[in-house]
Amino acid sequence: MRRIDSPLTIFLVGATGDLARKKIWPALYDLFKQSLLPDTFNIVSVARAKYSKAEFADFLAQTVKVEKSDPAWKRFISTIEYVSGDVMDPKTFTEIEEAHAKIAPCGNHLWYLATLPSLYVSVVKNIKAEQLQTTQCGWTKLLLEKPFGVDLATSQQLNKELLQVFEEDQIYRIDHFLAKETVQNLLVFRFGNGLFEHLWNHQFVDHIQVTSAEQIGIAGRGVFYDSVGVVRDVLQNHVLQMLAMTLMEEPTSLDPAEIRKRRMEFLSQLEVVPSEQIGARVAFGQYQAGQVDGLQVVGYTGEKDIPAESVTETAVAGKLFVNSERWKGVPIYFRLGKRLQQSVTEISIKFKEPMNSMFSTFETPQKGNVLTLRIQPNEGVIVRLNVKQPGLELQTGEVSMQFCYHNQFQMDLVEAYQKLLYDAIQGDTTLFPQAEDIDASWRFIQPILDYLADAQTKPLPYAAGSWGPAAFEELIAEDGRRWLEPRPDMCVV
Ligand SMILES: NC(=O)c1ccc[n+]([C@@H]2O[C@H](COP(=O)([O-])OP(=O)(O)OC[C@H]3O[C@@H](n4cnc5c(N)ncnc54)[C@H](OP(=O)(O)O)[C@@H]3O)[C@@H](O)[C@H]2O)c1
């Protein structure tokens, strides 16, 4: 990473929110401490809460968990202004501009919308009303958090509204999973090694599995979660983007536009599940009370802010196909959700068994090689192989070879939000989905949402701490396959 030179102001809308506290402020401070931000750098923070400048500085010190006397922190805090105002009100943008003019010379501008998605359109309209969508001395960019709409129509409408104010190449849409080290590694792993790429197709791959499971529940974000559910929250964005990175065609270069084009191609090749098949190919669950890691937890409808009659799905499993020569006929199974047995995100490629294997009659617990890309936690790559067990008799056994980031590189992985902020400022668009990608994924998801919206569709109950309702097992078992149990013992730090 190299230092960014030109003067920069970040306008952080939603500066006191959950995401800002958990991810954005720590990432900004880390970039600052590593001297990766320009000498002339300012942040204008915006939210409605009433804070004086000093109170806001205290709030930030608590958020980032730093000693206020730390010299680096003191320098960082001196770059920050706070504007208290409602972004629905155009007056707030006059105040933002005044605060900015007081502290920053002319330079580049990054608007970061880390606020409620329902406010995005008002914010960009007010940016335009105040003529803040461009600056005379550099670029202006807009960084947006997901979700981008709640379905295909609203996503398209949002894009239309954004494009009234900004050009597409000014807009950076965040899917923070794409910035995870393990997902970025996919490019190098697949195309930088001669070993796997020629096996990466329907001739050699039996099927693919994605597990994106969390042990936590809705973590106090009930109002948000109940209006969203796991299909919109995780499947439509993170899972489809990760799959696109894993399974897309080889880009001809590292040019960001080329990589994005390949991801986009993949997404547009997803076979839209015909409505009449959704019931058989996708199953939905909602967690009930149960035990997670030995602790008793309440069911979804017992959580704060969740109506007793809620039918929001907290877990989903299903099977999809890709209409491409490379992946024809290869099922991709996915299972995702909250309050599941483990917290783990991984993609596993299960290879076909050797034809007429002379070992086919041998007892091997799980046949076939599996390559697992562990996205989080304990990031790494794990390959399952069959070997001869030591001894006088010929017995086969199963072993795993692993590459683990933490053991190999003995360094902290770059946090996704640092990478995203850094790339957005540098203008590297590789990891940012564009309007077309978002539309393509909504197109695939839309029939599933329509099915869910039907009054007849009720998620199936599952015990918190399990792997979801029995229907998740049946869905894969009827194809003669089974879910690969994630191995928490692999790549343990
Ligand atoms: N939290 C996460 O883990 C997470 C993960 C991925 C993506 N996201 C996305 O990130 C965005 C923010 O999520 P969040 O969880 O941080 O939400 P949040 O906790 O509700 O924070 C919203 C922020 O916006 C401010 N705000 C709300 N209404 C406002 C208004 N009318 N005028 C000015 N400021 C206003 C809030 O401060 P005041 O109430 O003081 O105004 C607060 O700073 C959402 O798009 C979300 O989907 C969040």
Side-chain angles (χ1 to χ4, degrees), residues 13-14 19 87 111-125 127-128 133 141-179 212 221 223-245 248 257 260-273 275 278 282 312-313 316 318 320 322 334 336 420 424 429 431-454:
V13 180
L19 185 72
V87 289
W111 286 88
Y112 190 160
L113 307 197
T115 188
L116 310 181
S118 55
L119 298 174
Y120 289 173
V121 172
S122 302
V123 174
V124 294
K125 281 187 172 159
I127 288 177
K128 188 172 182 190
Q133 74 278 25
K141 292 175 190 163
L142 180 72
L143 193 55
L144 287 173
E145 280 294 334
K146 65 135 197 149
F148 312 110
V150 293
D151 56 18
L152 180 58
T154 50
S155 161
Q156 288 174 331
Q157 182 60 29
L158 173 67
N159 279 325
K160 221 164 107 190
E161 304 273 7
L162 297 177
L163 291 171
Q164 303 277 323
V165 181
F166 292 97
E167 303 291 330
E168 177 63 31
D169 63 5
Q170 287 179 285
I171 305 173
Y172 289 65
R173 297 171 186 81
I174 290 185
D175 190 312
H176 73 273
F177 265 67
L178 284 180
S212 184
R221 299 175 74 213
V223 175
F224 159 78
Y225 197 85
D226 202 50
S227 65
V228 175
V230 72
V231 172
R232 287 185 172 93
D233 193 34
V234 184
L235 179 60
Q236 182 268 336
N237 35 67
H238 305 323
V239 166
L240 295 186
Q241 290 290 342
M242 280 190 299
L243 277 172
M245 270 309 241
M248 67 186 184
R260 288 197 323 258
K261 187 175 110 192
R262 295 300 183 195
R263 282 206 307 264
M264 158 65 197
E265 243 169 43
F266 174 85
L267 292 170
S268 56
Q269 288 168 340
L270 291 172
E271 182 212 71
V272 176
V273 187
S275 333
I278 292 178
V282 189
T312 298
E313 80 294 352
V316 63
L320 62 87
V322 185
F334 56 87
L336 354 157
L420 291 165
T429 54
L431 302 177
F432 296 92
Q434 289 201 300
E436 283 178 302
D437 303 44
I438 312 276
D439 281 359
S441 33
W442 278 122
R443 233 169 249 121
F444 168 75
I445 293 291
Q446 190 61 52
I448 300 177
L449 295 177
D450 295 343
Y451 182 85
L452 265 172
D454 189 308

Non-hydrogen atoms of Leu240 and Phe444 that approach each other most closely: CD1-CD2, 3.9 Å
Any side-chain heavy-atom pair of Leu144 and Leu162 under 4.5 Å: yes
Considering all heavy atoms, the nearest Ala424-Leu143 contact: CB-CD1, 4.0 Å
Test item: Phe266 and Gln241 side chains (from C-beta on) under 4.5 Å apart, heavy atoms: no
Shortest non-hydrogen contact from Ile438 toward Gln236: O-NE2, 3.9 Å
Separation between CD1 of Ile448 and CG of Asp151, rounded to the nearest 0.5 Å: 13.5 Å
Close side-chain approach of Lys128 and Phe166, heavy atoms under 4.5 Å: no
Criterion side chain to side chain contact (heavy atoms under 4.5 Å, CB included) on Ile174 and Phe432, from CA distance to verdict: CA-CA 6 Å; Ile174 290 185; Phe432 296 92; 4.1 Å; yes
From CD1 (Ile127) to CG (Leu113), nearest 0.5 Å: 6.0 Å
Beyond-backbone contact of Lys146 with Asp233, side-chain heavy atoms, under 4.5 angstrom: yes
Short side-chain to backbone donor-acceptor contact, Ser155 and Gly149, under 3.5 Å: no
Nearest heavy-atom neighbours spanning Leu152 and Arg443: CD2-CG, 4.0 Å
Value rounded to 0.5 Å, distance of OG in Ser275 from CG in Asp454: 10.5 Å
Interatomic spacing from CE in Met248 to CD in Gln269 - rounded to 0.5 Å: 12.5 Å
Side-chain (Trp442) to main-chain (Thr154) donor-acceptor, under 3.5 angstrom: no
Heavy atoms of other groups near Glu436 CD, more than 12 under 6.0 Å: no
Partner of Glu168 by salt bridge (charged side-chain N to carboxylate O under 4.0 Å, His left out), out of Arg173, Lys160, Arg260: Arg173
For the student: nearest non-hydrogen atoms of Arg232 and Asn237, plus distance: O-ND2, 2.9 Å
Leu320 CG to Leu243 CG distance, which is reported to the nearest 0.5 Å: 6.5 Å
More than 12 heavy atoms of other groups within 6.0 Å of Glu271 CD: yes
Backbone N/O of Gly14 and side chain of Tyr112: donor-acceptor pair under 3.5 Å: no
Salt-bridge contact Asp169-Lys141 (side-chain N to carboxylate O under 4.0 Å): no
Val272 and Pro447, any side-chain heavy atoms less than 4.5 Å apart: yes
Residues which pass salt bridge (charged side-chain N to carboxylate O under 4.0 Å, His left out) with Glu161, listed by chain and number, not counting sequence neighbours: Lys125
Residue pair Val230 / Leu235, side-chain heavy-atom distance below 4.5 Å: no
Parallel, tilted or perpendicular: rings of Phe177 and His238 (30°, 60°): parallel
Interatomic distance, Tyr172 atom OH to Gln434 atom CD [nearest 0.5 angstrom]: 9.5 Å
Closest non-hydrogen atom pair, Pro117 against Pro147: CG-CD, 3.5 Å
Asn159 and Asp439: CA distance, side-chain angles, deciding distance, side chain to side chain contact (heavy atoms under 4.5 Å, CB included) verdict: CA-CA 10 Å; Asn159 279 325; Asp439 281 359; 3.9 Å; yes
Val124 vs Trp111, side chain to side chain contact (heavy atoms under 4.5 Å, CB included): CA-CA, chis, key distance, verdict: CA-CA 9 Å; Val124 294; Trp111 286 88; over 6 Å; no
Note, Ile171 side chain near Leu163 side chain (heavy atom, < 4.5 Å): yes
Leu449 vs Gln446, side chain to side chain contact (heavy atoms under 4.5 Å, CB included): CA-CA, chis, key distance, verdict: CA-CA 5 Å; Leu449 295 177; Gln446 190 61 52; 4.2 Å; yes
Leu142 vs Gln170 side-chain heavy atoms within contact, under 4.5 Å: no
